[in-house]
Amino acid sequence: MPKRAQLQALLSYLEHEAQPMIVLDPEYNILAANTAYQRQFASVDQPYIGHKCYRISHHYDLPCDQAGEHCPMTRVRESHGPDRVLHIHHTPRGPEHVEVELRPILNSGGEICAYVERLVLVRSASARPSGAGLVGRSAAFNQAIAALQRVAPAMLPVLLLGESGTGKELFARAVHEASARAGGPFVVVDCSGLTETLFESELFGHEKGAFTGASARKQGLVETAQGGTLFLDEIGDVPLAMQVKLLRLIETGTYRRVGGVESLRADFRLVAATHKPLERMVAEGAFRTDLYYRISAFPIHLPALRERRDDIPLLVNSFLQHSEPGRRALAITAEAMAQLQRHDWPGNVRELRNVLERARLFSDDGVIRGAQLPPLGGLPLRPALAAPAALATAAVVEHGAIDGAALEQAVRDFRGTRRALAAHLGLSERTLYRRLKALGLA
(Lines give C-alpha, C1' and ligand atoms only; values in the text may rest on other atoms or scores of the structure.)
Protein backbone atom coordinates (compact mmCIF):
# COMPACT_ATOMS: atom_id res chain seq x y z
CA MET A 1 0.00 0.00 0.00
CA PRO A 2 1.46 3.45 -0.84
CA LYS A 3 2.36 5.73 2.04
CA ARG A 4 -0.17 8.37 3.04
CA ALA A 5 1.87 11.25 1.60
CA GLN A 6 2.23 9.41 -1.70
CA LEU A 7 -1.49 8.64 -1.72
CA GLN A 8 -2.36 12.31 -1.19
CA ALA A 9 0.00 13.35 -3.99
CA LEU A 10 -1.57 10.78 -6.30
CA LEU A 11 -5.09 11.89 -5.44
CA SER A 12 -4.10 15.52 -6.05
CA TYR A 13 -2.91 14.48 -9.51
CA LEU A 14 -6.13 12.54 -10.21
CA GLU A 15 -8.24 15.59 -9.35
CA HIS A 16 -7.08 17.15 -12.61
CA GLU A 17 -8.57 14.22 -14.55
CA ALA A 18 -12.04 14.73 -16.03
CA GLN A 19 -12.83 11.00 -15.93
CA PRO A 20 -13.74 9.17 -12.69
CA MET A 21 -10.69 7.52 -11.13
CA ILE A 22 -9.99 5.53 -7.96
CA VAL A 23 -6.94 4.09 -6.22
CA LEU A 24 -6.99 0.45 -5.12
CA ASP A 25 -4.65 -1.58 -2.97
CA PRO A 26 -3.65 -5.15 -3.98
CA GLU A 27 -6.48 -6.51 -1.81
CA TYR A 28 -9.18 -4.77 -3.90
CA ASN A 29 -9.82 -2.07 -1.27
CA ILE A 30 -10.69 1.44 -2.51
CA LEU A 31 -8.16 3.84 -0.98
CA ALA A 32 -9.16 7.10 -2.65
CA ALA A 33 -11.37 8.58 -5.38
CA ASN A 34 -11.36 11.83 -7.30
CA THR A 35 -14.27 14.26 -7.49
CA ALA A 36 -15.40 12.97 -10.87
CA TYR A 37 -15.85 9.47 -9.38
CA GLN A 38 -17.77 10.84 -6.41
CA ARG A 39 -20.05 12.77 -8.74
CA GLN A 40 -20.83 9.89 -11.11
CA PHE A 41 -20.58 6.71 -9.05
CA ALA A 42 -20.71 7.49 -5.35
CA SER A 43 -23.92 7.22 -3.34
CA VAL A 44 -24.64 9.22 -0.20
CA ASP A 45 -25.99 6.19 1.67
CA GLN A 46 -23.21 3.81 0.60
CA PRO A 47 -19.64 4.46 1.80
CA TYR A 48 -16.92 3.21 -0.54
CA ILE A 49 -13.54 4.18 0.94
CA GLY A 50 -12.02 1.07 2.51
CA HIS A 51 -14.53 -1.23 0.81
CA LYS A 52 -13.86 -3.86 -1.87
CA CYS A 53 -14.21 -2.57 -5.43
CA TYR A 54 -16.15 -5.66 -6.53
CA ARG A 55 -18.64 -5.18 -3.70
CA ILE A 56 -19.22 -1.52 -4.59
CA SER A 57 -19.33 -1.92 -8.38
CA HIS A 58 -20.94 -5.36 -8.72
CA HIS A 59 -22.40 -6.22 -5.30
CA TYR A 60 -20.32 -9.40 -5.40
CA ASP A 61 -18.88 -11.20 -2.39
CA LEU A 62 -15.91 -12.38 -4.47
CA PRO A 63 -13.56 -10.78 -7.01
CA CYS A 64 -14.95 -10.60 -10.54
CA ASP A 65 -12.85 -13.47 -11.90
CA GLN A 66 -14.33 -15.74 -9.23
CA ALA A 67 -17.84 -14.57 -10.11
CA GLY A 68 -17.75 -15.54 -13.77
CA GLU A 69 -16.25 -12.51 -15.51
CA HIS A 70 -12.90 -10.98 -16.34
CA CYS A 71 -11.11 -9.09 -13.55
CA PRO A 72 -8.50 -6.64 -14.88
CA MET A 73 -6.48 -6.81 -11.65
CA THR A 74 -5.65 -10.46 -12.31
CA ARG A 75 -4.11 -9.69 -15.69
CA VAL A 76 -2.34 -6.53 -14.49
CA ARG A 77 -0.85 -8.49 -11.59
CA GLU A 78 0.64 -10.93 -14.09
CA SER A 79 1.79 -8.49 -16.79
CA HIS A 80 2.61 -5.37 -14.71
CA GLY A 81 0.98 -3.50 -17.59
CA PRO A 82 -2.44 -1.90 -18.11
CA ASP A 83 -5.62 -3.82 -18.85
CA ARG A 84 -8.97 -2.65 -20.16
CA VAL A 85 -12.37 -4.33 -19.93
CA LEU A 86 -16.07 -3.49 -20.25
CA HIS A 87 -18.20 -4.26 -17.18
CA ILE A 88 -21.71 -3.52 -15.98
CA HIS A 89 -21.54 -1.55 -12.74
CA HIS A 90 -24.17 -0.68 -10.20
CA THR A 91 -24.47 3.11 -10.10
CA PRO A 92 -26.87 5.56 -8.39
CA ARG A 93 -28.79 5.56 -11.69
CA GLY A 94 -28.98 1.77 -11.94
CA PRO A 95 -26.86 -0.73 -13.92
CA GLU A 96 -24.68 0.89 -16.58
CA HIS A 97 -21.97 -0.19 -19.01
CA VAL A 98 -18.60 1.06 -17.83
CA GLU A 99 -15.25 0.77 -19.55
CA VAL A 100 -12.60 0.06 -16.91
CA GLU A 101 -8.89 0.67 -17.43
CA LEU A 102 -6.53 -0.48 -14.68
CA ARG A 103 -2.87 0.53 -14.36
CA PRO A 104 -0.34 -0.62 -11.74
CA ILE A 105 1.68 1.61 -9.42
CA LEU A 106 5.14 0.15 -8.81
CA ASN A 107 7.37 0.77 -5.80
CA SER A 108 11.13 1.27 -5.98
CA GLY A 109 11.60 -2.49 -6.05
CA GLY A 110 9.40 -2.90 -9.12
CA GLU A 111 6.57 -4.50 -7.15
CA ILE A 112 2.93 -3.48 -7.45
CA CYS A 113 1.88 -1.48 -4.40
CA ALA A 114 -1.41 -0.08 -5.71
CA TYR A 115 -3.56 0.35 -8.82
CA VAL A 116 -5.21 3.32 -10.51
CA GLU A 117 -8.57 2.59 -12.13
CA ARG A 118 -10.19 4.86 -14.70
CA LEU A 119 -13.93 4.41 -15.31
CA VAL A 120 -15.67 5.68 -18.44
CA LEU A 121 -19.45 5.49 -18.85
CA VAL A 122 -20.44 3.92 -22.17
CA ARG A 123 -23.11 6.12 -23.71
CA SER A 124 -23.72 3.95 -26.78
CA ALA A 125 -25.63 1.18 -24.97
CA SER A 126 -28.08 0.81 -22.11
CA ALA A 127 -28.14 -1.94 -19.49
CA ARG A 128 -31.68 -0.87 -18.51
CA PRO A 129 -34.90 -0.81 -20.53
CA SER A 130 -34.66 1.99 -23.07
CA GLY A 131 -36.84 3.13 -25.90
CA ALA A 132 -33.94 4.06 -28.18
CA GLY A 133 -30.48 2.83 -29.11
CA LEU A 134 -28.70 -0.39 -28.21
CA VAL A 135 -30.02 -2.35 -25.24
CA GLY A 136 -28.40 -5.39 -23.63
CA ARG A 137 -26.15 -6.73 -20.91
CA SER A 138 -25.37 -10.32 -21.91
CA ALA A 139 -21.77 -11.46 -22.40
CA ALA A 140 -22.13 -11.70 -26.19
CA PHE A 141 -23.67 -8.23 -26.43
CA ASN A 142 -21.03 -6.72 -24.14
CA GLN A 143 -18.27 -8.22 -26.25
CA ALA A 144 -19.60 -6.39 -29.32
CA ILE A 145 -19.95 -3.14 -27.35
CA ALA A 146 -16.39 -3.47 -26.02
CA ALA A 147 -15.10 -3.85 -29.59
CA LEU A 148 -17.15 -0.83 -30.64
CA GLN A 149 -15.63 1.27 -27.85
CA ARG A 150 -12.14 0.26 -28.96
CA VAL A 151 -12.53 1.24 -32.60
CA ALA A 152 -14.90 4.22 -32.43
CA PRO A 153 -12.21 6.88 -31.67
CA ALA A 154 -10.03 5.66 -34.57
CA MET A 155 -10.56 6.21 -38.29
CA LEU A 156 -10.30 2.52 -39.22
CA PRO A 157 -13.08 1.18 -41.46
CA VAL A 158 -15.49 -1.00 -39.46
CA LEU A 159 -17.24 -4.07 -40.85
CA LEU A 160 -20.35 -5.18 -38.96
CA LEU A 161 -21.14 -8.86 -39.49
CA GLY A 162 -24.34 -10.51 -38.36
CA GLU A 163 -27.67 -11.94 -39.32
CA SER A 164 -30.51 -9.80 -40.56
CA GLY A 165 -32.32 -8.05 -37.72
CA THR A 166 -29.37 -7.88 -35.29
CA GLY A 167 -29.29 -4.07 -35.26
CA LYS A 168 -26.44 -3.28 -37.64
CA GLU A 169 -27.61 0.27 -38.33
CA LEU A 170 -27.90 0.96 -34.58
CA PHE A 171 -24.34 -0.29 -34.08
CA ALA A 172 -23.11 1.80 -37.00
CA ARG A 173 -24.77 4.90 -35.54
CA ALA A 174 -23.19 4.10 -32.16
CA VAL A 175 -19.74 3.97 -33.81
CA HIS A 176 -20.43 7.38 -35.34
CA GLU A 177 -21.69 8.94 -32.10
CA ALA A 178 -18.70 7.67 -30.11
CA SER A 179 -16.22 9.03 -32.65
CA ALA A 180 -14.66 12.44 -33.19
CA ARG A 181 -17.06 12.83 -36.13
CA ALA A 182 -20.20 12.73 -33.99
CA GLY A 183 -20.96 16.33 -34.91
CA GLY A 184 -20.98 15.49 -38.63
CA PRO A 185 -23.64 13.74 -40.71
CA PHE A 186 -24.43 10.03 -40.48
CA VAL A 187 -25.39 8.95 -44.00
CA VAL A 188 -26.91 5.55 -44.75
CA VAL A 189 -26.53 3.90 -48.15
CA ASP A 190 -28.80 0.88 -48.65
CA CYS A 191 -26.78 -1.19 -51.12
CA SER A 192 -29.43 -3.87 -51.61
CA GLY A 193 -31.66 -3.61 -54.65
CA LEU A 194 -29.68 -0.85 -56.41
CA THR A 195 -28.76 -1.38 -60.04
CA GLU A 196 -25.24 -0.54 -61.18
CA THR A 197 -26.27 2.78 -62.78
CA LEU A 198 -28.49 3.81 -59.91
CA PHE A 199 -25.87 2.85 -57.32
CA GLU A 200 -23.22 5.06 -58.96
CA SER A 201 -25.60 7.99 -59.25
CA GLU A 202 -26.78 7.65 -55.64
CA LEU A 203 -23.26 7.31 -54.26
CA PHE A 204 -21.37 9.85 -56.37
CA GLY A 205 -24.13 12.13 -57.64
CA HIS A 206 -24.50 13.25 -61.25
CA GLU A 207 -24.17 16.29 -63.45
CA LYS A 208 -27.03 17.87 -65.35
CA GLY A 209 -27.61 16.00 -68.61
CA ALA A 210 -25.48 13.01 -67.56
CA PHE A 211 -28.31 10.69 -68.61
CA THR A 212 -31.95 10.85 -69.63
CA GLY A 213 -33.92 12.48 -66.85
CA ALA A 214 -30.92 14.18 -65.20
CA SER A 215 -32.43 17.68 -65.39
CA ALA A 216 -30.16 19.14 -62.70
CA ARG A 217 -26.94 18.42 -60.84
CA LYS A 218 -27.49 16.05 -57.94
CA GLN A 219 -25.29 15.75 -54.85
CA GLY A 220 -24.26 12.17 -54.07
CA LEU A 221 -24.31 10.52 -50.67
CA VAL A 222 -20.49 10.58 -50.47
CA GLU A 223 -20.63 14.36 -50.71
CA THR A 224 -23.48 14.49 -48.18
CA ALA A 225 -21.32 12.54 -45.72
CA GLN A 226 -18.46 15.10 -45.75
CA GLY A 227 -16.98 15.35 -42.26
CA GLY A 228 -19.12 12.50 -40.95
CA THR A 229 -19.72 8.77 -41.35
CA LEU A 230 -20.82 6.86 -44.46
CA PHE A 231 -22.66 3.65 -43.61
CA LEU A 232 -22.81 1.13 -46.47
CA ASP A 233 -25.55 -1.26 -45.37
CA GLU A 234 -25.56 -4.71 -47.02
CA ILE A 235 -22.30 -4.06 -48.84
CA GLY A 236 -22.36 -7.69 -50.00
CA ASP A 237 -25.06 -6.65 -52.49
CA VAL A 238 -22.87 -4.09 -54.31
CA PRO A 239 -22.66 -5.13 -57.99
CA LEU A 240 -19.27 -6.60 -58.85
CA ALA A 241 -18.68 -3.98 -61.57
CA MET A 242 -19.24 -1.20 -59.02
CA GLN A 243 -16.91 -2.69 -56.45
CA VAL A 244 -13.84 -1.44 -58.30
CA LYS A 245 -15.16 2.15 -58.18
CA LEU A 246 -15.96 1.79 -54.51
CA LEU A 247 -12.44 0.48 -53.92
CA ARG A 248 -10.95 3.47 -55.75
CA LEU A 249 -13.03 5.82 -53.59
CA ILE A 250 -11.77 4.20 -50.39
CA GLU A 251 -8.12 3.99 -51.52
CA THR A 252 -7.72 7.45 -53.07
CA GLY A 253 -10.38 9.43 -51.23
CA THR A 254 -11.52 10.91 -54.55
CA TYR A 255 -14.48 10.41 -56.89
CA ARG A 256 -16.31 11.96 -59.86
CA ARG A 257 -19.98 12.62 -60.32
CA VAL A 258 -21.65 10.65 -63.12
CA GLY A 259 -21.11 12.67 -66.30
CA GLY A 260 -18.50 14.88 -64.63
CA VAL A 261 -14.77 15.35 -65.18
CA GLU A 262 -13.86 17.16 -61.96
CA SER A 263 -12.17 15.01 -59.31
CA LEU A 264 -13.76 15.66 -55.91
CA ARG A 265 -12.23 14.99 -52.50
CA ALA A 266 -14.15 12.71 -50.10
CA ASP A 267 -13.95 13.03 -46.32
CA PHE A 268 -15.84 10.35 -44.42
CA ARG A 269 -15.38 7.51 -41.96
CA LEU A 270 -16.49 4.21 -43.46
CA VAL A 271 -18.71 1.71 -41.68
CA ALA A 272 -20.02 -1.24 -43.69
CA ALA A 273 -22.36 -4.08 -42.79
CA THR A 274 -23.60 -7.32 -44.28
CA HIS A 275 -25.36 -10.54 -43.36
CA LYS A 276 -23.66 -12.34 -46.24
CA PRO A 277 -20.54 -14.56 -45.90
CA LEU A 278 -18.06 -12.22 -47.56
CA GLU A 279 -15.08 -14.57 -47.18
CA ARG A 280 -16.94 -17.29 -49.08
CA MET A 281 -18.02 -14.76 -51.69
CA VAL A 282 -14.38 -13.74 -52.15
CA ALA A 283 -13.41 -17.39 -52.66
CA GLU A 284 -16.21 -17.77 -55.22
CA GLY A 285 -15.26 -14.59 -57.06
CA ALA A 286 -18.49 -12.78 -56.15
CA PHE A 287 -16.72 -10.13 -54.05
CA ARG A 288 -13.38 -8.46 -54.74
CA THR A 289 -10.52 -9.61 -52.52
CA ASP A 290 -8.90 -6.16 -52.37
CA LEU A 291 -12.16 -4.46 -51.43
CA TYR A 292 -12.81 -7.04 -48.72
CA TYR A 293 -9.47 -6.35 -47.05
CA ARG A 294 -10.06 -2.60 -47.31
CA ILE A 295 -13.42 -2.66 -45.53
CA SER A 296 -12.64 -5.39 -42.97
CA ALA A 297 -9.85 -3.65 -41.06
CA PHE A 298 -11.92 -4.02 -37.87
CA PRO A 299 -14.71 -6.62 -38.10
CA ILE A 300 -17.28 -6.82 -35.30
CA HIS A 301 -19.58 -9.83 -34.96
CA LEU A 302 -23.08 -8.83 -33.87
CA PRO A 303 -24.64 -11.71 -31.91
CA ALA A 304 -27.92 -13.24 -32.96
CA LEU A 305 -30.73 -13.00 -30.41
CA ARG A 306 -30.47 -16.73 -29.66
CA GLU A 307 -26.85 -16.03 -28.60
CA ARG A 308 -27.99 -13.45 -26.06
CA ARG A 309 -31.16 -14.93 -24.56
CA ASP A 310 -30.49 -13.18 -21.24
CA ASP A 311 -31.25 -9.90 -23.04
CA ILE A 312 -34.75 -10.91 -24.16
CA PRO A 313 -36.53 -9.71 -20.96
CA LEU A 314 -34.60 -6.43 -21.16
CA LEU A 315 -35.54 -5.94 -24.82
CA VAL A 316 -39.17 -6.90 -24.18
CA ASN A 317 -39.44 -4.37 -21.34
CA SER A 318 -37.81 -1.75 -23.56
CA PHE A 319 -40.40 -2.28 -26.30
CA LEU A 320 -43.38 -2.47 -23.96
CA GLN A 321 -42.55 0.27 -21.44
CA HIS A 322 -41.25 2.86 -23.89
CA SER A 323 -44.08 2.94 -26.38
CA GLU A 324 -44.99 5.76 -28.71
CA PRO A 325 -46.78 8.84 -27.28
CA GLY A 326 -50.44 8.13 -26.74
CA ARG A 327 -49.92 4.35 -26.38
CA ARG A 328 -49.98 2.86 -22.93
CA ALA A 329 -47.15 0.75 -21.58
CA LEU A 330 -47.91 -2.96 -21.42
CA ALA A 331 -46.99 -5.73 -18.97
CA ILE A 332 -46.20 -9.34 -19.81
CA THR A 333 -46.79 -12.51 -17.82
CA ALA A 334 -44.03 -14.89 -16.80
CA GLU A 335 -45.56 -17.60 -18.99
CA ALA A 336 -45.41 -15.37 -22.07
CA MET A 337 -41.85 -14.30 -21.27
CA ALA A 338 -40.81 -17.94 -20.99
CA GLN A 339 -42.26 -18.62 -24.45
CA LEU A 340 -40.28 -15.74 -25.90
CA GLN A 341 -37.03 -16.92 -24.29
CA ARG A 342 -37.44 -20.45 -25.67
CA HIS A 343 -37.82 -19.33 -29.28
CA ASP A 344 -34.73 -19.26 -31.54
CA TRP A 345 -35.67 -15.97 -33.29
CA PRO A 346 -34.40 -16.42 -36.85
CA GLY A 347 -35.46 -12.80 -37.49
CA ASN A 348 -33.63 -11.62 -34.35
CA VAL A 349 -34.57 -8.34 -32.64
CA ARG A 350 -36.67 -7.21 -35.59
CA GLU A 351 -38.80 -10.36 -35.32
CA LEU A 352 -39.16 -9.91 -31.54
CA ARG A 353 -40.42 -6.36 -32.02
CA ASN A 354 -42.95 -7.48 -34.63
CA VAL A 355 -44.25 -10.28 -32.39
CA LEU A 356 -44.77 -7.84 -29.52
CA GLU A 357 -46.50 -5.30 -31.77
CA ARG A 358 -48.92 -8.02 -32.89
CA ALA A 359 -49.53 -9.16 -29.31
CA ARG A 360 -50.24 -5.55 -28.30
CA LEU A 361 -53.32 -5.55 -30.53
CA PHE A 362 -54.81 -8.50 -28.61
CA SER A 363 -53.96 -7.24 -25.10
CA ASP A 364 -57.12 -5.34 -24.24
CA ASP A 365 -56.36 -5.29 -20.50
CA GLY A 366 -52.76 -4.12 -20.94
CA VAL A 367 -51.17 -7.53 -20.21
CA ILE A 368 -49.60 -9.82 -22.81
CA ARG A 369 -50.24 -13.49 -22.06
CA GLY A 370 -48.99 -16.62 -23.76
CA ALA A 371 -52.28 -17.11 -25.59
CA GLN A 372 -51.88 -13.72 -27.26
CA LEU A 373 -48.50 -14.56 -28.78
CA PRO A 374 -48.39 -15.92 -32.34
CA PRO A 375 -47.17 -19.50 -32.83
CA LEU A 376 -43.43 -19.55 -32.21
CA GLY A 377 -42.82 -23.10 -33.31
CA GLY A 378 -40.96 -22.27 -36.50
CA LEU A 379 -37.74 -23.64 -35.01
CA PRO A 380 -37.34 -26.30 -32.31
CA LEU A 381 -35.92 -25.46 -28.92
CA ARG A 382 -32.19 -25.74 -28.58
CA PRO A 383 -31.30 -29.26 -27.38
CA ALA A 384 -29.73 -27.80 -24.23
CA LEU A 385 -33.06 -26.28 -23.27
CA ALA A 386 -35.36 -29.00 -24.54
CA ALA A 387 -33.68 -32.08 -23.12
CA PRO A 388 -34.12 -31.96 -19.31
CA ALA A 389 -37.80 -32.33 -18.40
CA ALA A 390 -37.22 -30.37 -15.19
CA LEU A 391 -36.09 -27.37 -17.23
CA ALA A 392 -38.55 -27.70 -20.09
CA THR A 393 -41.46 -27.42 -17.67
CA ALA A 394 -39.77 -25.13 -15.15
CA ALA A 395 -41.84 -22.39 -13.58
CA VAL A 396 -40.75 -18.90 -14.62
CA VAL A 397 -40.80 -15.79 -12.46
CA GLU A 398 -40.80 -12.12 -13.38
CA HIS A 399 -38.19 -11.14 -16.01
CA GLY A 400 -38.19 -14.69 -17.36
CA ALA A 401 -35.66 -16.20 -14.93
CA ILE A 402 -35.85 -19.89 -14.02
CA ASP A 403 -37.31 -20.09 -10.52
CA GLY A 404 -35.35 -21.21 -7.49
CA ALA A 405 -36.69 -24.75 -7.31
CA ALA A 406 -36.02 -25.43 -11.00
CA LEU A 407 -32.52 -23.97 -10.77
CA GLU A 408 -31.72 -25.97 -7.65
CA GLN A 409 -32.91 -29.12 -9.43
CA ALA A 410 -30.73 -28.27 -12.45
CA VAL A 411 -27.67 -27.87 -10.21
CA ARG A 412 -28.31 -31.27 -8.62
CA ASP A 413 -28.85 -33.04 -11.95
CA PHE A 414 -26.13 -31.42 -14.04
CA ARG A 415 -22.66 -32.95 -14.30
CA GLY A 416 -20.10 -30.38 -15.41
CA THR A 417 -18.58 -26.99 -14.66
CA ARG A 418 -20.52 -23.84 -13.77
CA ARG A 419 -19.65 -22.42 -17.18
CA ALA A 420 -21.07 -25.50 -18.88
CA LEU A 421 -24.21 -25.30 -16.73
CA ALA A 422 -24.66 -21.64 -17.69
CA ALA A 423 -24.43 -22.53 -21.38
CA HIS A 424 -26.81 -25.45 -20.78
CA LEU A 425 -29.41 -23.09 -19.30
CA GLY A 426 -28.92 -20.37 -21.92
CA LEU A 427 -27.57 -17.94 -19.29
CA SER A 428 -24.33 -16.02 -18.97
CA GLU A 429 -21.98 -17.38 -16.30
CA ARG A 430 -22.26 -14.10 -14.39
CA THR A 431 -26.08 -14.27 -14.33
CA LEU A 432 -25.96 -17.88 -13.17
CA TYR A 433 -23.55 -16.92 -10.38
CA ARG A 434 -25.87 -14.15 -9.17
CA ARG A 435 -28.85 -16.53 -9.07
CA LEU A 436 -26.89 -19.27 -7.34
CA LYS A 437 -25.64 -16.72 -4.82
CA ALA A 438 -29.20 -15.57 -4.08
CA LEU A 439 -30.16 -19.20 -3.41
CA GLY A 440 -27.11 -19.84 -1.24
CA LEU A 441 -25.71 -22.30 -3.81
CA ALA A 442 -22.73 -20.28 -5.07
Side-chain angles (χ1 to χ4, degrees), residues 19-22 24 28 30 33 37 40-43 46 48 51-75 83-102 117-150 152 167 170-171 174 178 300 302-303 305 307-318 321 349 399-401 418-419 422-423 425-438 442:
Q19 296 292 351
M21 302 184 78
I22 59 176
L24 305 169
Y28 305 93
I30 300 176
Y37 177 88
Q40 289 195 37
F41 293 101
S43 178
Q46 185 180 30
Y48 55 91
H51 291 263
K52 305 291 186 184
C53 59
Y54 52 80
R55 189 180 298 276
I56 298 299
S57 297
H58 301 285
H59 297 177
Y60 289 163
D61 293 327
L62 296 169
C64 298
D65 58 336
Q66 298 178 42
E69 60 182 306
H70 171 64
C71 176
M73 191 177 291
T74 302
R75 187 171 297 174
D83 190 36
R84 187 168 152 191
V85 66
L86 185 135
H87 277 176
I88 293 179
H89 282 197
H90 290 276
T91 76
R93 299 165 297 280
E96 292 185 308
H97 295 89
V98 178
E99 191 174 60
V100 178
E101 182 185 55
L102 196 69
E117 183 172 281
R118 180 195 303 269
L119 301 96
V120 180
L121 281 177
V122 176
R123 310 286 184 183
S124 56
S126 175
R128 292 166 285 164
S130 173
L134 296 166
V135 177
R137 52 187 303 173
S138 65
F141 177 83
N142 288 348
Q143 187 174 358
I145 294 297
L148 185 155
Q149 288 295 116
R150 289 273 186 173
L170 287 177
F171 269 89
I300 300 178
L302 307 188
L305 190 53
E307 298 172 325
R308 45 181 294 215
R309 292 179 191 269
D310 277 3
D311 288 338
I312 290 177
L314 187 59
L315 290 165
V316 169
N317 288 328
S318 295
Q321 295 176 18
V349 179
H399 305 310
R418 188 168 67 199
R419 176 173 297 181
L425 296 173
L427 306 174
S428 70
E429 191 175 354
R430 183 179 64 187
T431 298
L432 176 61
Y433 170 80
R434 286 201 305 268
R435 294 178 185 172
L436 292 176
K437 176 186 170 187

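Note that these values count all heavy atoms, side chains included, but never hydrogens, waters or copies made by symmetry.
Aromatic rings from H90 and H58 are positioned such that their centres are separated by 6.0 Å or more. A ring-centre distance under 6.0 Å is not found for F41 and Y48.
With a 4.5 Å cut-off on side-chain heavy atoms, D83 and H70 count as touching. Looking at M73 and P63, their side chains never come closer than 4.5 Å, going by heavy atoms from C-beta outward. With a 4.5 Å cut-off on side-chain heavy atoms, E117 and L102 count as touching. Looking at V98 and I88, their side chains never come closer than 4.5 Å, going by heavy atoms from C-beta outward. When side chains are defined from C-beta on, R308 counts as touching V349, because their heavy atoms get closer than 4.5 Å. Counting only heavy atoms from C-beta outward, the side chains of C64 and H87 approach each other to under 4.5 Å. Contact annotation: the side chain of E69 never approaches that of Y54 to less than 4.5 Å [non-hydrogen atoms, C-beta and beyond].
Nearest heavy atoms, I22 versus A33: CG2-CB, 3.7 Å. The two residues P95 and A127 make their nearest non-hydrogen contact at O-CB, 3.6 Å. Smallest separation of non-hydrogen atoms from P303 and A144: CD-CB, 4.2 Å.
The line from CG of L134 to CZ of R123 is 15.0 Å long, rounded to the nearest 0.5 Å. With values rounded to the nearest 0.5 angstrom, H97 atom NE2 is found 12.0 Å from T91 atom OG1. Atom CZ of residue R118 and atom CE of residue M21 lie 4.0 Å apart, to the nearest 0.5 angstrom.
Ion pairing between R128 and E96 holds under the 4.0 Å rule for side-chain N and carboxylate O.
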Item to check | D311 vs V135, side-chain contact (heavy atoms from CB on, under 4.5 Å): CA-CA, chis, key distance, verdict | outcome: CA-CA 8 Å; D311 288 338; V135 177; over 6 Å; no
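Within a 6.0 Å radius of CD in E99, more than 12 heavy atoms belonging to other residues, nucleotides or ligands are found.
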